[in-house]
Student: 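Please find one structure pasted underneath; my questions will follow.
All residue numbers in this chain count up from 1 along the given sequence. What you see below is based on every heavy atom in this structure, not just the backbone, and it leaves out hydrogens, waters and symmetry mates. What you see is a predicted model; the values in this text were computed from it and never measured.
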Amino acid sequence: MDSLTLFCTASLVAGGLYWFICILGSAERKGKRAVNLSGGSIAKENVQDKYEQYWTFFRRPKEIETAEKVPAFVDTFYNLVTDIYEWGWGQSFHFSPAIPGKSHRDATRLHEEMAVDLLNVKPGSRILDAGCGVGGPMRAIAAHSGANVVGITINEYQVKRARLHNKKAGLEKQCEVVCGNFLEMPFEDNSFDGAYSIEATCHAPKLEEVYSEIYRVMKPGSLYVSYEWVTTELYRGEDAEHVEVIQGIERGDALPGLRHYTDIAEVAKKVGFEVVQEKDLAKPPSNPWWTRLKMGRFAYWRNHVMITVLAWVGIAPKGVVDVHEMLFVTADYLTRGGETGIFTPMHMILCRKPE
């Protein structure tokens, strides 16, 4: 092979790798890239061990039910998955109904804007994001409403990522991020003009604990909206397939246990809220939220090959391949839950704290 042919071949290979990794390899262009995947706050050499520790919670299920064990369980999960979520999904770690003619990003933004529209807050209001992740919803809501948003997440790595994104978006004065447990929030009583949670309170071992904390920090007369992960009226506990699907979702998403949709309003009333509205936003005429998961199967295999190569050469931490595979398996369970109608990630409840 002459030098020109060798040069051309090498250029094609290098160009192909760049296209594969840098162009195809990132769903969120301003977020993570494949070569920057990490284990969050976990040291690179400890990612594999932490992944195995995560699964010990399910080998000893009683520990998941122990409230004091759950925060560490959830924190470990988000250290393991945050970079993969941001790289392959985007900065908003939640689902939204598909909208014909709209991109996934636009559908996500509209779903977030609807949440704050329900709160009826004014520009300059101070609202709480309970379980803010890396702040995708926070930034969309702040930009749309003009409100000042204070987000709380238990994961320190997510706090750093959220602050970085807030600064890039020019929203650092409108968006504040606090590292803490939403079961014991470091905020004063009656200090927020409204609050929301988007697919976050499902991580609480007892829903009444997080709802009572949100109730405490809200001003009388203000509104709270939450999008909840729940089993629906179609779920049958005696159906082995139903049980398999729900347990698969719980294992792959750090959930101490999915609740039935009827539990949500009951708990809200128990802590003192008035229930204003309740609706499953996944039901028709909404288009299926899980189509994004089904359409992403090619992307998964492409990404999995990429992560495997990066881990093999030592760029990505050992253990990231296992985490990515776990998320793909979980995506299948989520899809089955959506197709059978036994699960929804967007059971919306709107509550008011009485005057």
Student: Which residue pairs pass the ring pair (Phe, Tyr, Trp, His ring centres under 6.0 Å) test with at least one member in residues 122-144, sequence neighbours excluded?
Tutor: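 Non-adjacent pairs meeting ring pair (Phe, Tyr, Trp, His ring centres under 6.0 Å): zero.
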
Student: Do the side-chain N and O atoms of Lys353 and Asn190 include a donor-acceptor pair separated by under 3.5 angstrom?
Tutor: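 Present: a donor and an acceptor within the cut-off.
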
Student: Could you work out, with side chain to side chain contact (heavy atoms under 4.5 Å, CB included) as the rule, every residue matching Pro317, not counting sequence neighbours?
Tutor: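 Only Lys44, Val47, Val320 meet the side chain to side chain contact (heavy atoms under 4.5 Å, CB included) criterion with Pro317.
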
Student: Tell me, please, which residues at least two apart from Phe273 pass ring-ring contact (aromatic ring centres under 6.0 Å, His included).
Tutor: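 Tyr215, Tyr224.
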
Student: When you compare the side chains of Thr153 and Gln158, does any donor N or O come within less than 3.5 Å of an acceptor on the partner?
Tutor: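 Looking only at side-chain atoms, Gln158 and Thr153 do form a donor-acceptor pair, the distance falling under 3.5 Å.
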
Student: In chain order, what residues pass the ring-ring contact (aromatic ring centres under 6.0 Å, His included) check against Tyr157, with sequence neighbours excluded?
Tutor: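 In terms of ring-ring contact (aromatic ring centres under 6.0 Å, His included), with neighbours along the sequence ignored, Tyr157 is linked to no residue.
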
Student: Not counting sequence neighbours, which residues clear side chain to side chain contact (heavy atoms under 4.5 Å, CB included) with Arg352? List them please.
Tutor: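 Leu223, Glu274, Val276.
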
Student: His111: which residues meet the ring-ring contact (aromatic ring centres under 6.0 Å, His included) condition with it, sequence neighbours left out?
Tutor: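 Once residues adjacent in sequence are excluded, the partners of His111 under the ring-ring contact (aromatic ring centres under 6.0 Å, His included) criterion are His94, Tyr227.
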
Student: In terms of the angle between their ring planes, are Tyr54 and Phe73 parallel, tilted or perpendicular, with boundaries placed at 30° and 60°?
Tutor: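 Aromatic pair Tyr54/Phe73 classed parallel.
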
Student: Can you name the one residue among Glu199, Arg139, Glu112, Arg105 that meets side chain to side chain donor-acceptor pair (under 3.5 Å) with Ser92?
Tutor: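 Exactly one candidate clears the test, Glu112.
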
Student: Counting only N and O atoms by type, is there a donor-acceptor contact under 3.5 Å from the side chain of Ser197 to the main-chain atoms of Ala200?
Tutor: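 It does not hold such a pair.
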
Student: For the residue pair Tyr78 and Phe93, categorise the inter-ring angle as parallel (less than 30°), tilted (30 to 60°) or perpendicular (more than 60°).
Tutor: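 Correct class here is parallel.
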
Student: Verify the cluster assignment for Leu171 and Leu128: are they in a single hydrophobic cluster under the rule of side-chain heavy atoms below 4.5 Å apart?
Tutor: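 Per the 4.5 Å side-chain linkage, Leu171 and Leu128 are not co-clustered.
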
Student: Start with the C-alpha distance between Arg126 and Asp193, add both sets of side-chain angles, then the distance that settles salt bridge (charged side-chain N to carboxylate O under 4.0 Å, His left out), and finish with yes or no.
Tutor: CA-CA 5 Å; Arg126 184 172 185 253; Asp193 299 303; over 6 Å; no

Student: Tell me, please, which residues at least two apart from Trp290 pass ring-ring contact (aromatic ring centres under 6.0 Å, His included).
Tutor: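 Partners of Trp290 by the ring-ring contact (aromatic ring centres under 6.0 Å, His included) criterion come out as none, since no residue qualifies.
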
Student: Name the orientation class of the two ring planes belonging to Tyr85 and Phe77 (parallel below 30°, tilted from 30 to 60°, perpendicular beyond 60°).
Tutor: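 Perpendicular.
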
Student: Return a table of donor-acceptor pairs under 3.5 angstrom between the side chains of residues 174-183 and protein atoms on other chains or two or more places apart.
Tutor:
{"residue": "Gln174", "atom": "NE2", "partner": "Ala142", "partner atom": "O", "Å": "2.8"}
{"residue": "Gln174", "atom": "NE2", "partner": "Ala147", "partner atom": "O", "Å": "2.9"}
{"residue": "Asn181", "atom": "OD1", "partner": "Leu183", "partner atom": "N", "Å": "2.9"}

Student: Could you report the tightest heavy-atom contact between Pro354 and Gly272, atom names first, then the distance?
Tutor: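 Nearest pair, atom of Pro354 first, then Gly272: CD-O, 3.4 Å.
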
Student: With no hydrogens and no angle check, just 3.5 Å: does a side-chain donor-acceptor pair link Asn155 and Asn79?
Tutor: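 Side chains of Asn155 and Asn79: pair found under 3.5 Å.
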
Student: Is there a donor-acceptor contact under 3.5 Å from the side chain of Glu250 to the main chain of Leu258?
Tutor: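 Between the backbone of Leu258 and the side chain of Glu250 there is a qualifying donor-acceptor contact (under 3.5 Å).
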
Student: List the residues meeting salt bridge (Lys or Arg N to Asp or Glu O under 4.0 Å) with Glu113, not counting sequence neighbours, and say none if there are none.
Tutor: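 Glu113 satisfies salt bridge (Lys or Arg N to Asp or Glu O under 4.0 Å) with Arg109 once adjacent residues are dropped.
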
Student: Restricting to non-hydrogen atoms, name the atom on Cys351 and the atom on Ala268 that form the minimum distance, rounded to 0.1 Å.
Tutor: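 Nearest heavy atoms, Cys351 then Ala268: SG-CB, 3.8 Å.
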
Student: Does the side chain of Tyr261 come under 3.5 Å of the side chain of Asp280 through a donor N or O and an acceptor N or O?
Tutor: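 Short answer, no.
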
Student: Salt bridge (charged side-chain N to carboxylate O under 4.0 Å, His left out), that's the test. Do Glu45 and Lys50 meet it? Break it down for me.
Tutor: CA-CA 10 Å; Glu45 63 273 14; Lys50 284 294 184 180; over 6 Å; no

Student: Of the non-hydrogen atoms in Pro288 and Ala98, which two are nearest, and what is the gap between them?
Tutor: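 Nearest heavy atoms, Pro288 then Ala98: O-CB, 3.4 Å.
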
Student: Tell me the closest heavy-atom pair linking Ala162 and Gly133, and the distance in Å.
Tutor: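 The pair with the smallest heavy-atom distance is CB-O, 4.1 Å.
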
Student: Evaluate salt bridge (charged side-chain N to carboxylate O under 4.0 Å, His left out) for Lys269 paired with Glu278, printing each intermediate quantity in order.
Tutor: CA-CA 12 Å; Lys269 293 173 184 175; Glu278 195 175 13; over 6 Å; no

Student: Can you sort out the partners of Lys167 under side chain to side chain contact (heavy atoms under 4.5 Å, CB included), two or more places apart, ordered by chain and number?
Tutor: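 Applying side chain to side chain contact (heavy atoms under 4.5 Å, CB included) to Lys167 gives Glu172.
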
Student: Centre of Trp55's six-membered ring, under 6.0 Å away, within 45 degrees of the axis: is that where NZ or CZ of Arg251 sits?
Tutor: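 That pair does not qualify as a cation-pi contact.
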
Student: Hey, is the main chain of Phe187 close enough, under 3.5 Å, to the side chain of Ser191 for a donor-acceptor pair?
Tutor: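 Answer holds: no.
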
Student: What residues form a side chain to side chain contact (heavy atoms under 4.5 Å, CB included) with Ala107, not counting sequence neighbours?
Tutor: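 Once residues adjacent in sequence are excluded, the partners of Ala107 under the side chain to side chain contact (heavy atoms under 4.5 Å, CB included) criterion are Ser96, Ile99.
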
Student: Are Leu281 and Leu110 connected in a single hydrophobic cluster, I mean Ile/Leu/Val/Met/Phe/Trp/Tyr linked by side-chain heavy atoms less than 4.5 Å apart?
Tutor: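 Different hydrophobic clusters.
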
Student: Between Trp89 and Phe95 (judged by ring centroids, cut-off 6.0 Å), do the two rings come close enough to count as a pair?
Tutor: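 Centroid separation for Trp89 and Phe95: below 6.0 Å.
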
Student: Under the rule for side chain to side chain donor-acceptor pair (under 3.5 Å), what residues qualify as partners of Thr262, not counting sequence neighbours?
Tutor: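 If we apply the side chain to side chain donor-acceptor pair (under 3.5 Å) test to Thr262, skipping adjacent residues, the hits are His260.
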
